[in-house]
Amino acid sequence: MNPVLARESRQRFRGRWSWLVITGWVIVVGLLTYLFFVAGRSISIDFFGIRGPLSGLNQAGKWVFEGMTLVLLTAVAFMVPGLTALSVVGERQRQTLHLLQITQVTPFGIVVGKLFSSIGYFLVLILAVIPLLGLPLAFGAIGLVEVIVVLGMLILVVAMQASVSIWVSSRARSNRGAVALSYVLAVAIFFGSFVLMGVEALVIRVDIEDDGRELVSTWLNPYVAVADAAAFPYDDLGGVFEGADLPTPMDPLRLLVSLRQGENVFEGDEIDEPVFGVRRLPGWMATTLVYGAIIALCLWRASRRVTAPRALPARLRRGRVPDAAA
């Protein structure tokens, strides 16, 4: 086991307030789950006009699953930078980074240990609320495949955000600067990309319904990627706007998914023409490739920053002695 991962895990899970954080997290997520359940069931009962102990459970399950997915993604944006922003700069401030550099752990091993520690802590938080995600399965609103896909995308998003924060931490000179820049980049990726999508859609608005031009900015947004990966229950994207499906929390994201896939959701037409002679990748796959590149680049640059400085040649060391004595 990676020594850095082992030490970080002990510090995180044996902390004085660890149990309180996990307990508070479960309570907050449980309350939000109940609100999503009530909202979905009320919409279904109002639409169909059928009241009973089992009425509206399918729609409630969709609301719980989609709402929980959005809550977990938002938690990644606000929690992961705080968990990883001090991973390297904190060692430097405590003057313990040099102790890590002289051990047998490679610089890349140090960075990977920090990354897996952050991912592991967030996985514990996800596992703590897994029973709540089981409610949509019991209601028959989703299948096990959708749950696995969403969990996989969540882990990918956590790894991407943690890698960016570790890279920022390796370059920062103070704890405050590392935390501030990590949160700025997180807000830019999670929420600023929506502004970028709006600007791009306005620029290509003439051609978007004619030839289905790619919205490249959607590749950066984790919300759109998860909505594209968990492709239920919108096999027919046009049905959302024709009243075939009741509204759910991910309906705005479905519109973005349909636009990037080259479909005119207002007319139900699908555009299957290749873009520049190349068949377009699914949105979640393009996001996976982009996030994989970001993870690799950030970990590589961070490992370069934590590499121990090389010793000076002997002739330079001898030349410095008289100067130091003087």
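Computed from a prediction, not measured in an experiment: that's the story for all the values here. Sequential numbering from 1 along the given sequence is applied to the chain's residues.
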Using modelled atom types only, decide if a donor and an acceptor are shared between the side chain of [X] and the backbone of [Y] within a distance under 3.5 Å.
X      : Y      : value
Thr287 : Ala225 : no
Ser170 : Trp167 : yes
Ser303 : Trp300 : yes
Thr23  : Leu20  : no
Tyr121 : Leu83  : no
Arg92  : Ala172 : yes
Thr96  : Glu91  : yes
Glu66  : Met250 : yes
Gln161 : Val76  : no
Asn221 : Ser193 : no

Could you pull out the closest heavy-atom pair between [X] and [Y], with the gap in Å?
X      : Y      : value
Ala162 : Ser118 : CB-CB, 4.2 Å
Met153 : Ala229 : CG-CB, 3.7 Å
Glu200 : Ser217 : OE1-OG, 2.5 Å
Ile166 : Ser87  : CG1-OG, 3.7 Å
Ala159 : Ile295 : CB-CD1, 3.8 Å
Leu73  : Phe190 : O-CE2, 3.5 Å

Around atom [atom1] of [X], are there more than 12 heavy atoms from other residues, nucleotides or ligands closer than 6.0 Å?
X      : atom1 : value
Tyr291 : OH    : yes
Arg94  : CZ    : yes
Tyr34  : OH    : no
Trp63  : CH2   : yes

Give the C-alpha distance, both sets of side-chain angles, the deciding distance and a yes or no for side chain to side chain contact (heavy atoms under 4.5 Å, CB included) between Ile130 and Leu151.
CA-CA 10 Å; Ile130 280 292; Leu151 290 179; 4.1 Å; yes
Say whether Thr248 and Asp251, considering side chains only, have a donor N or O and an acceptor N or O under 3.5 Å apart.
yes
Between Thr74 and Tyr223, is there a side-chain donor-acceptor contact under 3.5 Å, judged purely by atom types and distance?
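Their side chains do contain a donor-acceptor pair, which is all the 3.5 Å distance test asks for.
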Considering the options Val164, Val89, Leu86, which one meets the side-chain contact (heavy atoms from CB on, under 4.5 Å) requirement together with Ser169?
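Filter result, single survivor: Val89.
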